[in-house]
Amino acid sequence: MAAAGSAKVALRVAEVLETIVSCCVGPEGRQVLCTKPTGEVLISRDGGCLLEALHLEHPIARMMVACVSSHLRKTGDGAKTFIIFLCHLLRGLHAVTDKEQDSLISKNIQTHRRHWKNCCQWKFISQALLKFQTQVLDYIMGHYLSKHFLSIFSSSTKERTLCRSSLELLLEAYFCGRVGRNNQNFISQLMCDYFFKCMACESGCEEVFELVDDYFIELNVGVTGLPVSDSRIIAGLVLHRDFSVYCPADGDIRIVIVTETIQPPFSTSGSEFILNSEAQFRTSQFWIMERTKAIMKHLQSQNVKLLLSSVKQPDLVIYYAGLNGISVVECLSSEEVSLIQRVVGLSPFVLPHTSLRYEICNTALMNFCKPLILRSKRYVHLGLIGTCSFIPHCIVLCAPVQGLVEQHKSALHGAFKMLRQLFKDLDLNYMLQASDQNYASSLLTYKNSRESTPLPEIVNGSMQSPYQGTVVENKGKLATTQTYLKVYSNFVVPSIELETHIPRSIPKVTPTDTYQTDETLRYLSLAKTRIVDDSEPFMESNSANSTTENTRIEISYENLQVTEIAGRGSMLAVREKSLEMCTSHGYCFSSIPAGCVLPAGGNFEFLLHYYLLNYAKKCHQSEETMVSVIIANALLGIPKILYKSKKGNYSFPQIYVRTLHAIQTHQPMVSSQTGLESVASKYQLLTSVLQCLTKILTIDLVINIKRQPQEVYDQDSEEEV
Amino acid sequence: MSRLEAKKPSFCKSEPLTSERVRATLCVLKGILTSSYGPSGRLKQLHNGLGGCVCTTSQSSALLANLSVTHPILKILTTSMQNHVSCFSDCGLFTAILCCNLIENVQRIGLMPTTVIKLNKHLLSLCTSYLQSEFCGCRILVDFSSTQTLLCLVRSIVTSKPACMLTRQEIDHISALILRAFLLTIPENTKDCLILGKSIIVPLKGQRVTDSTVLPGILLEISEVQLMKILPIKKSDTFKVALFCASLSGDLSDTGEGTVVVSSGVSLENAVLDQLLNLGRQLVSDHIDLVICQKVVHPSLKQFLSMHRMIAIDRVGAALMEPLSKVTGTQPIGSLGSISPSSYGSVKDLCTEKFGFKHFLHLIPNEATICSLLLCNRNDTAWDELKLTCQTALHVLQLTIKEPSVLLGGGCTETHLAAYIRHKICNEPESILQDDGCTQTELQLLTEAFCSALESVAGSLEHDGGEILTDMKYGHFWSAQPESPSVVDWPDLLSRCGCGLYTSQEELRWSFLKSTRHPFAPQTCLPHEAVGSANNLTLDCFTAKLSGLQVAVETANLILDLSYIIEDKN
């Protein structure tokens with residue numbers, strides 16, 4: 001079965017997702033209850049979590065979810081906005097193309113031809129979108145929006161100091177979208193306190209973010225059955241287990257970490273221990289005992305009061321530890337061990353093989369070490385003295401149910417991710433430059449990996465499962481288009497400033513470059529058709545377009561596959577060349593420095609909307625105007641939802657009119673919400689959505705295969721065996 | 001072979017609370033909970049039709065643990081209550097009923113959930129700050145110089161569990177025992193921080209409740225065969241004790257990751273047994289009287305020890321190890337070789353005792369905070385219920401030591417609090433209206449819903465169809481006999497209010513709890529003499545009730561905030 005993978009279907013899917021997601025957006029958003037097959041009950045307002053929990057079946061929906069989760073991996077925020085924005089874009093496109101269709105396509109064309117015709121139109125739009133993303137968006141961000149950016153750092157001094165009040169505002173806005181409305185303020189205050197308590201000095205804040213993000217699970221304790229307001233921060237580190245033996249100690253407390261059993265074993269792995277007599281057995285046992293005793297005595301003489309072990313220690317060790325006044329905590333997880341190592345700069349204690357004379361150097365000082373009882377469960381509470389810029393603190397998260405604890409945990413973790421993103425790359429002045437290069441390198445690696453796969457296998461794969469084939473094909477197509485446009489992105493943006501139309505010269509440049517790098521003649525011709533096909537949209541003639549499209553369809557899937565690989569190979573060279581050529585070109589026009597924020601509550605959307613409309617008015621190319629207008633209008637979808645429940649002066653039309661007026665007259669914008677949000681994450685979201693949309697639009701056919709997925713896995717498992 | 005099945009799409013449902021099915025199930029749950037509430041609550045018999053044990057109870061912990069709910073919303077509610085009970089032991093039914101009432105009342109008035117949540121939070125903070133304030137009219141500071149208040153607290157808890165099947169006299173006996181057991185766990189001389197000991201509940205089923213008793217130290221149950229082996233204990237001042245956590249069964253300890261090759265003719269068993277007997281000889285030379293082992297003791301070693309007039313008790317289990325090491329002052333020994341003399345302990349006296357049909361070895365400590373509560377009841381189910389009750393009471397006493405205040409029970413706190421909130425909102429609504437942007441009407445509607453939810457918790461204490469009233473001075477809870485004649489002579493019909501603090505002989509005016517009445521300011525600042533004179537008050541644990549109130553409102557808020565349910569049916 002094949003179904004048209006048109007934007008219409010995508011719109012239907014996106015609208016369904018939007019209705020679910022939009023109820024959780026913003027400070028007025030509500031909660032969703034997810035039950036797991038294991039009986040767990042999860043409470044969530046996190047878009048990514050909801051989309052995963054739905055287990056969607058529709059291929060386009062699954063693709064959207066995949067796009068969202070890849071975006072989340074990058075930024076950790078914005079899943080709900082992603083869906084809403086995508087839905088509005090699709091809606092806008094749908095409205096525009098409906099109009100165009102009426103005017104362009106006469107009724108007598110056969111229906112299947114009309115379908116392909118539509119597809120070609122979608123592709124054409126998708127290319128315009130990509131062009132917009134790579135050229136126009138950065139330009140507008142850099143040129144117009146940057147005037148409005150605020151910084152999270154207080155700007156009075158030359159050095160960047162983190163301003164507590166602006167961090168509070170930022171966190172407030174973040175938690176508005178993540179936790180239940182009665183806990184928003186409380187959780188954001190908790191997080192803010194936590195951060196400032198953990199930070200030893202201003203300059204070390206990045207290290208703190210990194211450490212907390214990496215070891216978040218170890219740095220908090222969840223307690224159920226208590227009201228949320230009982231959550232608190234405690235100084236020191238809490239380990240999620242009890243002492244094996246506890247000896248109260250004060251004053252100079254030293255700790256050691258061991259990763260093996262202190263009691264020497266009879267035999268180590270790979271060796272053989274031969275027992276010849278009972279006396280031998282007795283003496284070896286005696287030796288083991290004496291040895292253990294000696295080691296523990298030695299530890300005591302070095303003032304060690306706490307032994308942290310990543311393995312279970314035998315009874316004998318525990319006994320002698322108790323006799324020597326050493327507390328023992330066993331079975332630490334590897335994460336806990338590495339956290340302690342990082343915080344206090346302590347490496348594991350290696351058991352000496354010979355004499356016990358010398359001093360143990362791998363010890364660290366500690367303020368206290370005591371049991372902590374939370375809800376009748378005992379934990380180990382360590383007053384570690386941090387040696388890096390992180391002062392150890394733990395968050396105790398209380399809530400009536402486990403689901404709520406989990407929600408707060410993931411929200412806090414997400415907030416640290418977001419901050420880590422916001423503070424990243426201190427020396428980076430030009431955000432765009434970095435992202436551009438990253439993008440290029442990722443593309444390159446993608447290509448390399450594809451190329452390294454032998455060609456016949458791919459063809460086989462596509463023959464075996466046509467469904468897979470289409471996906472690969474589409475991906476490939478996208479990649480080609482992307483590279484194609486990427487090549488010229490650096491040329492074109494400055495050219496816009498000059499108000500000239502370089503795109504006209506593109507078809508001329510491409511073929512020459514391609515021919516240079518192409519190797520086989522067979523591929524050459526195919527690659528040529530492909531490239532001509534790609535460059536079609538730049539010529540503004542629709543009639544010519546349709547004919548080439550029809551020829552393309554006649555090529556079988558396998559052939560297309562080959563074409564694309566060849567095409568890509570050639571493109572790569574072009575890309576590299578052009579990259580070399582324009583590395584020195586105009587980076588100065590766009591920059592999002594670290595720590596850039598805008599007031600929350602739709603300010604970013606309003607601003608971009610306004611400037612895009614302005615840009616569209618000046619624009620000469622019709623498709624560029626169209627795309628800009630569509631995106632500008634789609635951007636309003638988010639503030640529309642935010643102000644949905646507001647009445648009177650704060651209703652959406654009122655706010656809209658007032659804000660636009662404020663921008664026009666260069667006045668500060670009014671916002672009903674206090675709070676800040678990161679510009680970089682908004683920008684990344686926008687580009688992710690546009691990429692997803694182009695991906696959707698380039699699909700022309702969804703082919704449903706009636707084959708069990710398990711067969712593939714069975715093959716795999718047999719191979720493994 | 002791995003089988004991978006395609007995941008089924010989840011089941012998604014919007015606005016779950018509006019569905020009729022959810023309302024009906026919530027109503028059923030509420031019915032179960034309210035009918036079990038209080039001293040005259042009805043008992044529930046829980047059994048699965050497959051011949052499992054039958055549980056007769058009216059306690060929230062037992063009820064909620066055994067009920068299997070399927071709807072996610074109910075699951076949230078019940079787990080929330082279970083979590084509360086596992087933290088505080090008490091006030092589980094109060095919390096659950098309040099939560100159900102709140103959800104039901106808020107749904108009836110049909111306000112926007114966002115407004116409801118905001119206002120609920122405000123009302124809750126009004127409640128908590130009032131309860132914690134000095135002028136609170138329903139909180140009593142505990143006077144530790146007398147046991148009066150604590151005894152009232154324990155008695156209220158025992159009385160509120162009708163499934164224990166106790167008579168009035170038995171209630172008094174058990175309450176006194178619980179309080180004694182608790183007092184025995186308090187160390188005599190404390191430094192800066194107080195570390196409480198432990199009361200171990202020892203089961204003795206089939207005896208009369210009044211046979212229950214409290215003993216200092218630990219009771220170790222021994223079989224009759226063991227008893228025969230124990231020779232008459234010689235009198236002495238102290239008995240030296242060795243406590244082993246390592247196994248004395250002669251099994252070979254872990255030999256490491258490599259291989260151990262044993263030549264023929266070498267018997268490791270003999271070697272290990274030799275080692276054990278050496279250990280025995282060391283114990284003899286150290287003059288040990290009692291050897292206790294967590295795990296198994298080898299029969300030969302046992303034989304050897306009893307030959308040398310030592311008592312050996314094995315398999316005591318991990319749970320008893322900590323109290324044992326506290327009672328005897330020993331350090332659990334994990335070595336079969338040289339034992340440091342410092343790890344031996346001692347007890348003051350050692351004797352065998354017989355309670356009912358069971359024999360015990362009684363370890364009487366010199367000075368320790370461990371005691372044994374020998375608990376008797378007629379049958380299994382009643383004993384289980386009594387045990388839970390004792391645990392609850394002991395836990396509540398611990399909580400009361402931490403936070404030395406108690407709340408008036410018997411529904412008086414609830415009605416008093418409702419009256420206070422009504423009055424407060426009626427007179428000074430500005431504080432809330434200011435920062436929230438909701439209307440006066442919305443606030444009044446929600447306050448009414450909140451207060452009536454509180455009041456109907458108090459109302460659920462009455463199960464026999466009697467009239468429930470509140471007075472217009474203190475805002476306390478009163479209940480009258482059912483089928484009372486005309487409503488004229490209230491002072492004669494009513495005797496005391498729910499908590500027992502006030503009598504009807506004062507000049508009071510009453511009003512039906514369900515009727516609408518003009519908001520009045522309940523008298524705050526509990527007079528000291530009133531508390532001192534009344535000796536039979538019904539009291540509630542302060543910490544548990546305060547947290548229960550918060551948890552109930554938070555859970556209700558959470559449930560009201562749900563807009564979708566996504567059920568993963570894989």
Side-chain angles (χ1 to χ4, degrees), chain A residues 20 23-24 28 30-37 41 43 50 53-57 180-182 224-229 265-278 281-282 285-286 289 293 314-316 318-320 322-323 375-376 400-404 645 709-710 713-714 717, chain B residues 1-10 12 72-73 75-76 79-80 83-84 86-87 113-114 117 121 245-246 253-263 266-268 270-271 275 331 333-335 337-338 340 342-343 547 550-551 554-555 557-558 561-570:
Chain A
I20 296 174
C23 74
C24 308
E28 306 279 313
R30 296 172 65 187
Q31 309 258 24
V32 174
L33 191 75
C34 303
T35 62
K36 292 219 176 131
V41 180
I43 295 146
L50 297 185
L54 280 171
H55 291 304
L56 294 167
E57 228 176 5
R181 52 166 310 111
N182 42 349
T224 54
L226 295 176
V228 176
S229 52
F266 258 98
S267 55
T268 52
S269 69
S271 72
E272 212 169 64
F273 181 74
I274 301 169
L275 271 175
N276 285 322
S277 67
E278 286 161 31
F281 173 74
R282 268 195 293 274
Q285 274 213 322
F286 183 73
M289 207 146 50
K293 207 164 148 185
D315 284 340
L316 195 66
I318 306 287
Y319 173 58
Y320 282 117
L323 280 182
R375 198 205 145 174
S376 60
V401 278
Q402 185 62 31
L404 208 56
S645 63
Q710 70 213 43
Y713 287 92
D714 284 349
S717 64
Chain B
M1 206 169 80
S2 65
R3 269 181 68 85
L4 201 95
E5 273 182 49
K7 287 217 166 173
K8 276 178 261 148
S10 299
C12 185
I73 287 191
K75 228 181 232 170
I76 282 272
T79 45
S80 172
N83 286 335
H84 167 81
S86 63
C87 275
T114 49
I117 290 161
K121 201 187 165 197
C245 62
S253 56
D254 182 28
T255 53
E257 282 167 353
T259 44
V260 175
V261 180
V262 183
S263 312
V266 177
S267 162
L268 290 186
N270 281 342
Q275 203 182 7
Q331 173 145 43
I333 301 163
S335 150
S338 58
S340 152
S342 66
S343 43
S547 176
Q550 284 170 299
V551 165
E554 270 184 24
T555 311
N557 277 348
L558 187 66
D561 205 14
L562 295 177
S563 65
Y564 275 94
I565 291 181
I566 298 174
E567 271 182 274
D568 192 340
K569 300 257 179 176
N570 284 303

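The structure presented is a predicted model; accordingly, all values stated were derived computationally and were not measured. Labels below follow one simple rule: chain letters A, B, ... track the order of the sequence lines, proteins then strands, and each chain is numbered from 1.
Counting heavy-atom pairs under 4.5 Å between each of Leu404(A), Leu50(A), Ile20(A), Leu56(A) and chain B puts Ile20(A) at the top. Between chain A and the options Ser342(B), Ala246(B), Ser340(B), the largest number of non-hydrogen pairs under 4.5 Å is found for Ser340(B). Each of Pro227(A), Ser229(A), Gly403(A) has some count of heavy-atom pairs under 4.5 Å with chain B, and the biggest count is that of Pro227(A). If you tally non-hydrogen atom pairs under 4.5 Å between each of Thr35(A), Asp315(A), Thr224(A) and chain B, the highest count goes to Thr35(A).
For chain A, the nearby part of Pro113(B) is the side chain; its heavy atoms alone come within less than 4.5 Å. Only the side chain of Gln275(B) comes within less than 4.5 Å of a heavy atom of chain A; its backbone N, CA, C and O stay farther away. Both the backbone and the side chain of Ser563(B) come within contact range of chain A, each with at least one heavy atom under 4.5 Å from a heavy atom of that chain. Heavy atoms of Lys121(B) lying under 4.5 Å from chain A belong exclusively to its side chain. Using a 4.5 Å cut-off between heavy atoms, Ile43(A) contacts chain B through its side chain alone, with no backbone atom that close. Arg282(A) touches chain B through its side chain: at least one heavy atom from C-beta onward sits under 4.5 Å away, while N, CA, C and O do not. Only the side chain of Tyr320(A) comes within contact range of chain B, with at least one heavy atom under 4.5 Å from a heavy atom of that chain.
Minimum interatomic distance between Arg181(A) and Ile117(B) (heavy atoms only, all atoms of both residues): CG-CG2, 3.9 Å. Closest of all the heavy-atom pairs between Gly225(A) and Val551(B) is O-CG2, 3.7 Å. Taking each heavy atom of Asn83(B) and Gln402(A) in turn, the nearest pair found is ND2-N, 4.3 Å. The two residues Gly322(A) and Gln331(B) come nearest to each other via the heavy atoms CA-NE2, 3.1 Å. The two residues Ala271(B) and Phe281(A) have their closest heavy-atom pair at CB-CD2, 3.4 Å.
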Show, in sequence, the C-alpha distance, side-chain angles and deciding distance for Thr555(B) and Val401(A), and conclude whether the side chain to side chain contact (heavy atoms under 4.5 Å, CB included) test is met.
CA-CA 8 Å; Thr555(B) 311; Val401(A) 278; 5.8 Å; no

